[in-house]
Amino acid sequence: MLPRLDLAAVWLAATASVASAQTYRRFGTCPSLGCVIPPDQQDFLPGQEFDIRFEVHAPKNGSEAFNNGVPDEKFTATISKDGGRPRSIADFFKIRSEPSLEKWTFSWFEDLFAEDAKTPSVVNVASKAYRRVALYEPGTYTVTLNYFSGKKTTAEWTVRPLATKKKAKNVIFFIGDGMTTNMITAARLLAHKTVNGKYQTLLSLDDFPVLGHQMTHSIDTFITDSANSASALYTGHKSTVNALGVYADTSPDPQDDPKVETIVEMLVRIWGSAWGAVSTAFIADATPIALSGHSRLRSQYGVLIDQTLNGVQNYSWTKTDGPDAYFGGGADQFIAGPGSYQGKDYYAEFAKKGYSVSLNKTSLLSAPNDKKALGIFCKNNLPVWIDRHIFPENLEINNDPTGAAKPAKDLPGLKEMTLKAVDILHNRGGKEGFFLMSEAASIDKQMHALDYDRALGDLLELDDTIRATIDKLKKLRILDDTLIVVSADHGHGFDVFGSSDTKYAETQEDERSKRNAIGVYENSGLSQYTEPKPGVSYGTGANFPMNWDPRYVLAAGVGAAPDRREDFGIGATPRAPTTSRGGEAYVNDKDRPNGFVVNGTLPTSESQGVHSLTDVPVYARGPCQETFGGTYSNIDVFYKIANCLGLAHGRNVTEGAGKRHGKDKGKGRD
């Protein structure tokens, strides 16, 4: 006998399914009309500063239309600890007066059909924001928003245990952007020789004593981007795609979203340590800028650079006094013009605050170690390792960091930038130590472009940099004081499935025959990248392939990509797998013209590969290394590092700010 249907329940379920549609949602962390931000199930470090926002939504139309589109402006909110008496937010956090009521309107599409029909749903909002608060006692906190005469939204927050002892003097956090275990395996095969199945040498990563894995999904989607994943790693709080150091809200201003204190902001406030960031991307890109940036939109590059130097300006917030070492690309955000904040010359702005300014490798290596240092070496991302070392003719583009119409050729790599940063941070951090993030950015960028060899070249550069950094720390006698963590922010669905005989493939006329050049299982053979080739010598050392262009190359690919041609092996020029026509991506017949067409699996608007769900590895060595084993959320990387640095305090600690070095005088540009 069929159960009797409750029509009211069916209607509610139907409307709820629309409101929480998979592709589009009114507000990802808020399925009801009352929103608590930070939302339910969030964790906090004791003493970590953050903002709170409450929003009450009143949709004017669509499946959720309510109260004629008039939000409840008299909503109230309370907080209680471990089941205790609820208290008002202002009373609990000792805020002298209630913040002003804010109101705005936003719109969204309930699903793809609504978008096709161009019929958005309009939502009116009433909101309040409580700025710069902190929870000091470990435990469970319940936040309740009351609105519309009886409706409630409840969020449970967990404050983790205290950890006030600094166990590691220094932390170096290497991030291989987009790097997965499969890529590490492929890179090992490229650069390290096997004899009868046994590797004769190994990656530096292979010597790390502890290996764990982190889950990378964001707060409201299971596929993440580099912005909110970096925020999770640096703050212990998941966020939304494109958001940095904030919980996304629905306000029209991307700079007023509820902020969360980052690890370097806490480190400066509590201990007064030095900090720095190194990246092969433009330095305003998501992974480096998330250390100091707070914005719902990662594309606010100019604002984010200003925040790095001067701190958040529109609200009271922790100041870091700027990084001690800051190296990468991205001159467009420093040259006075449309790409810089308010059109200012940020080379000059950094110089005014005592920074040496280097625009090439020669200048970087000669920069003083006792002075803050800015190094910007090209207009956008740094050219990848393969183009700098194997195909230097690809550097012949207008890429000079001054903006002049000429190439940038005197370029440091990740190793040179990282080792220089260590020298500066060790000198300036003194007994308070330092935090350094070093990113191999183009592992991800080249995976997006389906240029696998260039991605793996940058992964090998990362491994070489890690090896050299460990040697540097030994020479400085600080290796035992330094926690080294190596991980990624997300992955790509990449793997190797065999080899390809490029000579045979080139002779085949039709595309199906070209695929017969691929050898799988017993026909995959052995790697030829470690075999010397007469007349070929790159001079790149023992940790890189001896021959990047053997006859038998790796046959590899990703699980999600646009239509493209594929012939495997290295290309003399960077890949551009698609071309755009009418807003859609099509096969670029000029890219890998001798290859065969591979049908895509992505929306036709996507011109590159995309991120994947995969867990990514976490390698650790040094103080607290034992805490990094197992499988855990990306936010736990933050908590493990923060606890090792003794950042979890049960009171408001600000002594570190007074220990920071005074502002350096003078300026220089080389």
Side-chain angles (χ1 to χ4, degrees), residues 34-56 72-102 126-147 152-164 235-237 245-247 249 251 255-263 265-272 294 311-320 639 642 646-658:
C35 310
V36 179
I37 316 169
D40 188 31
Q41 299 299 302
Q42 301 311 293
D43 289 40
F44 298 80
L45 201 71
Q48 183 179 27
E49 295 180 349
F50 64 100
D51 296 337
I52 304 171
R53 184 182 285 284
F54 298 101
E55 296 185 11
V56 176
D72 182 0
E73 298 181 7
K74 296 183 179 180
F75 64 84
T76 60
T78 61
I79 184 170
S80 63
K81 180 180 183 293
D82 295 331
R85 180 178 64 87
R87 296 161 59 186
S88 73
I89 301 299
D91 178 49
F92 184 91
F93 289 106
K94 296 180 173 59
I95 298 171
R96 292 181 180 178
S97 60
E98 283 286 329
S100 300
L101 184 73
E102 302 174 57
S127 176
K128 285 185 179 180
Y130 298 80
R131 302 288 179 182
R132 201 173 183 184
V133 300
L135 296 167
Y136 296 100
E137 296 181 9
T140 300
Y141 294 76
T142 302
V143 181
T144 303
L145 173 63
N146 302 283
Y147 56 101
K152 291 184 178 182
T153 298
T154 301
E156 187 174 282
W157 298 343
T158 299
V159 177
R160 297 206 180 189
L162 298 172
T164 59
T235 71
H237 294 258
V246 299
Y247 281 98
D249 62 22
S251 73
Q255 305 301 327
D256 74 352
D257 300 51
K259 299 179 295 301
V260 184
E261 205 171 20
T262 73
I263 195 162
E265 289 171 337
M266 296 187 73
L267 188 64
V268 168
R269 175 170 60 79
I270 293 169
W271 297 114
H294 299 275
V312 172
Q313 297 297 300
N314 53 343
Y315 299 101
S316 173
W317 197 249
T318 307
K319 306 292 185 186
T320 68
Y639 291 105
L647 298 181
H649 288 253
R651 63 182 182 88
N652 184 22
V653 181
T654 59
E655 288 87 341

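Side-chain atoms are counted along with the backbone in the values below, which use heavy atoms only and exclude waters and symmetry mates.
Relative ring orientation between F54 and F75 is described as tilted, the plane-to-plane angle lying within the 30° to 60° band.
Residues G139 and Y141 come closest through the heavy atom pair O-CD1, 3.8 Å. For the pair I52 and P38, the tightest heavy-atom approach, listed with the atom from each and the gap, is CA-CD, 4.3 Å.
Each of R53, E55, E102 was scored for a side chain to side chain donor-acceptor pair (under 3.5 Å) with S127, with one residue passing: R53. Results of the side chain to side chain donor-acceptor pair (under 3.5 Å) test with E265 over H294, Q48, K259 single out H294 as the only residue that passes.
The ring of F50 has its center closer than 6.0 angstrom to the ring center of F44.
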Quick one: side chains of residues 76-88, donor-acceptor pairs under 3.5 Å with protein atoms, not counting sequence neighbours, listed by atom name and distance.
unit_1 : atom_1 : unit_2 : atom_2 : d
K81    : NZ     : P138   : O      : 3.4
D82    : OD1    : T140   : N      : 2.9
R87    : NE     : D91    : OD2    : 3.1
R87    : NH2    : D91    : O      : 3.4
S88    : OG     : D91    : N      : 3.1

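A donor-acceptor contact under 3.5 angstrom links the side chains of T318 and E49, judged on distance only.
Applying the 6.0 Å contact sphere to CD of E98 captures more than 12 heavy atoms from other residues, nucleotides or ligands.
In this structure D257 satisfies the side-chain hydrogen bond (donor to acceptor under 3.5 Å, both in side chains) test together with R296, sequence neighbours excluded. Partners of S316 by side-chain hydrogen bond (donor to acceptor under 3.5 Å, both in side chains), not counting sequence neighbours, listed by chain and number: R132.
From I95, atom CD1 reaches atom OH of Y130 across 7.0 Å, with rounding to the nearest 0.5 Å.
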